[in-house]
Amino acid sequence: MTTALLSTAEELHARVRHGRRAVVMTMGALHEGHATLIRSARQIAGPDGEVVVTVFVNPLQFGAGEDLDRYPRTLDADLELAGRAGADAVFAPSVDEVYPGGEPQVRVSAGPMGERLEGASRPGHFDGMLTVVAKLLHLTRPDIALFGQKDAQQLALIRRMVRDLNFGVEIVAVPTVRDEDGLALSSRNRYLSPDERRTALALSRALFAGRDRHAAQEALRARAREVPSTHARAEALSAIGESRAAADAHAVATAAPGGPAAVRAAARQVLDEAARLDPPLRLDYLALVDPADFTEIGDDFTGEAVLAVAARVGATRLIDNIPLTFGAAS
């Protein structure tokens, strides 16, 4: 299959459409994480549909001192990877094509959720991101748009924009793709030296530590529901040789509840250790939040949550997250 390279909306709109159009939005420098998005889009669109990959480094979402000028631009390699993954077309417009009148006077506001975590660290970032996503949705006119869960706050804001502003498009989330060592795939990983990459692995290790602590807590609670809850019943079981069950019952009865605080503590311990490495990890934030609004959850929270982290290693800023479920739903 030949993947078309398009640079104008006019070229894209001239294509004859059959079936559904699925769009994957990127800033280029494509890697296996993007390829997973494209393959997912191909599967959803089906053989009669169309997959369009956008490649556009959006100046509106870069703040002062960020890496706009050095952000990797690898269009030829991007076109090849997109084609192998199943894209029908790569839409790579110029800045003038996306913003023909210069920087837009009217922009999409991310609202309160866009001022938390990533928004607090990068003021204006989410306004610029939502503005270009809105523009690209209009330019590409998809039925479905796919985004990675690695950018969890971005995904939540796009879903909110599509719902609040009545965009007629389905938003599909695709799980984070990781290297074998656990590091979440990112175009910025190529900035890391070997020593910096070793330090950067603390991000995923911290998330996994929090996840493991949460899993242990949930297993303990499940055990509490299964084993005897009364002292007399425990003694009876012990008398017939089931002392381990009795011991577990006692441990569950006397154990202090863990919950979100314990998850945060487990992750924080890994990050604190990484701060003493050479080169050190400089933590921006560690947060355990409600994905509906990205506010911190309390110890009585039940339902879906996101454990998120952002940090710098050398000159490179990286983010990562994992989903967790608290309470009966888990």
Side-chain angles (χ1 to χ4, degrees), residues 25-34 55-74 110 113-133 147-158 176-179 181-210 264 267-268 270-289 294 296 306-322:
M25 296 185 187
T26 82
M27 292 204 302
L30 303 188
H31 49 65
E32 181 58 28
H34 296 111
V55 174
F56 181 67
V57 181
N58 176 36
L60 294 191
Q61 65 193 72
F62 287 81
E66 294 190 337
D67 58 344
L68 173 61
D69 291 336
R70 73 178 185 127
Y71 195 87
R73 281 125 169 122
T74 58
M113 190 181 359
E115 297 172 358
R116 299 171 187 137
L117 300 186
E118 283 298 290
S121 297
R122 306 175 66 189
H125 165 72
F126 284 126
D127 291 354
M129 179 276 294
L130 288 179
T131 298
V132 79
V133 169
F147 296 89
Q149 289 180 347
K150 186 179 79 72
D151 297 294
Q153 193 172 2
Q154 170 182 281
L155 172 63
L157 282 163
I158 291 170
T176 300
V177 179
R178 300 182 181 277
D179 272 330
D181 58 10
L183 189 67
L185 296 188
S186 169
S187 298
R188 290 184 169 95
N189 289 354
R190 66 185 67 197
Y191 298 158
L192 299 169
S193 70
D195 287 342
E196 288 172 341
R197 184 182 176 97
R198 282 191 287 273
T199 295
L201 294 177
L203 272 76
S204 57
R205 286 204 307 269
L207 296 178
F208 298 157
R264 292 186 184 97
R268 172 73 67 169
V270 175
L271 297 169
D272 288 346
E273 292 170 357
R276 298 189 289 272
L277 297 176
D278 183 19
L281 181 141
R282 301 194 304 278
L283 183 65
D284 188 343
Y285 62 76
L286 171 70
L288 184 55
V289 299
F294 272 70
E296 290 281 353
V306 172
L307 181 61
V309 63
R312 290 187 181 274
V313 182
T316 305
R317 186 175 184 276
L318 300 170
I319 63 173
D320 200 352
N321 72 85
I322 56 172

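Along the sequence shown, the residues carry numbers beginning at 1.
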Undergrad: Please report the closest heavy-atom contact between Ala267 and Leu286, naming both atoms and the distance.
TA: CB-CD2, 3.9 Å

Undergrad: Please check this pair: side chain of Gln149 against backbone of Asn321, looking for a donor-acceptor N/O pair closer than 3.5 Å.
TA: no

Undergrad: Ile319 versus Asp151: any side-chain heavy-atom pair under 4.5 Å?
TA: yes

Undergrad: Could you please spell out the steps behind the side chain to side chain contact (heavy atoms under 4.5 Å, CB included) verdict for Met25 and Ile158?
TA: CA-CA 12 Å; Met25 296 185 187; Ile158 291 170; over 6 Å; no

Undergrad: Please report the closest heavy-atom contact between Phe56 and Met27, naming both atoms and the distance.
TA: O-CG, 3.3 Å

Undergrad: Roughly how far, to the nearest 0.5 Å, is CG of Asn58 from CE of Met129?
TA: 10.0 Å

Undergrad: Please report the interatomic distance CG(Leu318) to CG(Asn189), rounded to the nearest 0.5 Å.
TA: 6.0 Å

Undergrad: Which heavy-atom pair separates Ala29 from Ser187 by the least distance, and what is that distance?
TA: O-OG, 3.0 Å

Undergrad: Tell me whether Arg73 contacts the main-chain N or O of Tyr71 through its side chain, where contact means a donor paired with an acceptor under 3.5 Å.
TA: yes

Undergrad: Arg116: which residues meet the salt bridge (charged side-chain N to carboxylate O under 4.0 Å, His left out) condition with it, sequence neighbours left out?
TA: none

Undergrad: Output all residues satisfying salt bridge (charged side-chain N to carboxylate O under 4.0 Å, His left out) with Asp181, sequence neighbours left out; order by chain, then residue number.
TA: Arg197

Undergrad: Report yes if the side chains of Leu192 and Leu183 come closer than 4.5 Å at any heavy-atom pair, otherwise no.
TA: yes

Undergrad: How long is the straight-line distance from CD of Glu196 back to CG of Leu201, given to the nearest 0.5 Å?
TA: 12.0 Å

Undergrad: Just by modelled atom types, is the Gly314 backbone N or O under 3.5 Å from a matching donor or acceptor in the Arg282 side chain?
TA: yes

Undergrad: Restricting to non-hydrogen atoms, name the atom on Thr176 and the atom on Ala184 that form the minimum distance, rounded to 0.1 Å.
TA: CG2-CB, 3.9 Å

Undergrad: Is there a side-chain contact between Leu207 and Val309 in this structure, where contact means two heavy atoms from C-beta onward sitting under 4.5 Å apart?
TA: yes

Undergrad: Which heavy atom in Pro72 sits nearest to a heavy atom in Tyr191, and how many Å separate them?
TA: CD-OH, 3.2 Å

Undergrad: For the pair Glu115 (side chain) and Ala120 (backbone), establish whether a donor and an acceptor sit closer than 3.5 Å, ignoring hydrogens and angles.
TA: no

Undergrad: Drop me the distance from His34's NE2 to Thr26's OG1, to the nearest 0.5 angstrom.
TA: 5.0 Å

Undergrad: Less than 4.5 Å apart, any side-chain heavy atom of Leu203 and any of Leu281?
TA: yes

Undergrad: Here's a test for you: under salt bridge (charged side-chain N to carboxylate O under 4.0 Å, His left out), which of Arg178, Arg188, Lys150 qualifies with Asp320?
TA: Arg178

Undergrad: How many angstroms lie between atom CG of Asp284 and atom CG of Leu271, to the nearest 0.5 angstrom?
TA: 11.5 Å

Undergrad: Should Arg268 and Leu283 be marked as a side chain to side chain contact (heavy atoms under 4.5 Å, CB included) after you check the CA-CA gap, both sets of side-chain angles, and the distance that decides it?
TA: CA-CA 10 Å; Arg268 172 73 67 169; Leu283 183 65; 3.1 Å; yes

Undergrad: Can Arg317 and Asp67 be counted as an ion pair, charged N to O under 4.0 angstrom?
TA: no

Undergrad: Which atoms form the tightest heavy-atom contact between Thr199 and Ala274, and what is the distance?
TA: CG2-O, 4.3 Å

Undergrad: Suppose we screen for salt bridge (charged side-chain N to carboxylate O under 4.0 Å, His left out). Which residues come up paired with Glu273, at least two apart in sequence or across chains?
TA: none

Undergrad: Could you tell me whether the side chain of Val57 reaches within less than 4.5 Å of the side chain of Phe62, counting heavy atoms only?
TA: yes

Undergrad: Is the shortest heavy-atom distance from the side chain of Leu288 to the side chain of Val306 under 4.5 Å?
TA: no

Undergrad: Side chains of Tyr285 and Glu118: does their closest heavy-atom pair fall under 4.5 Å?
TA: yes

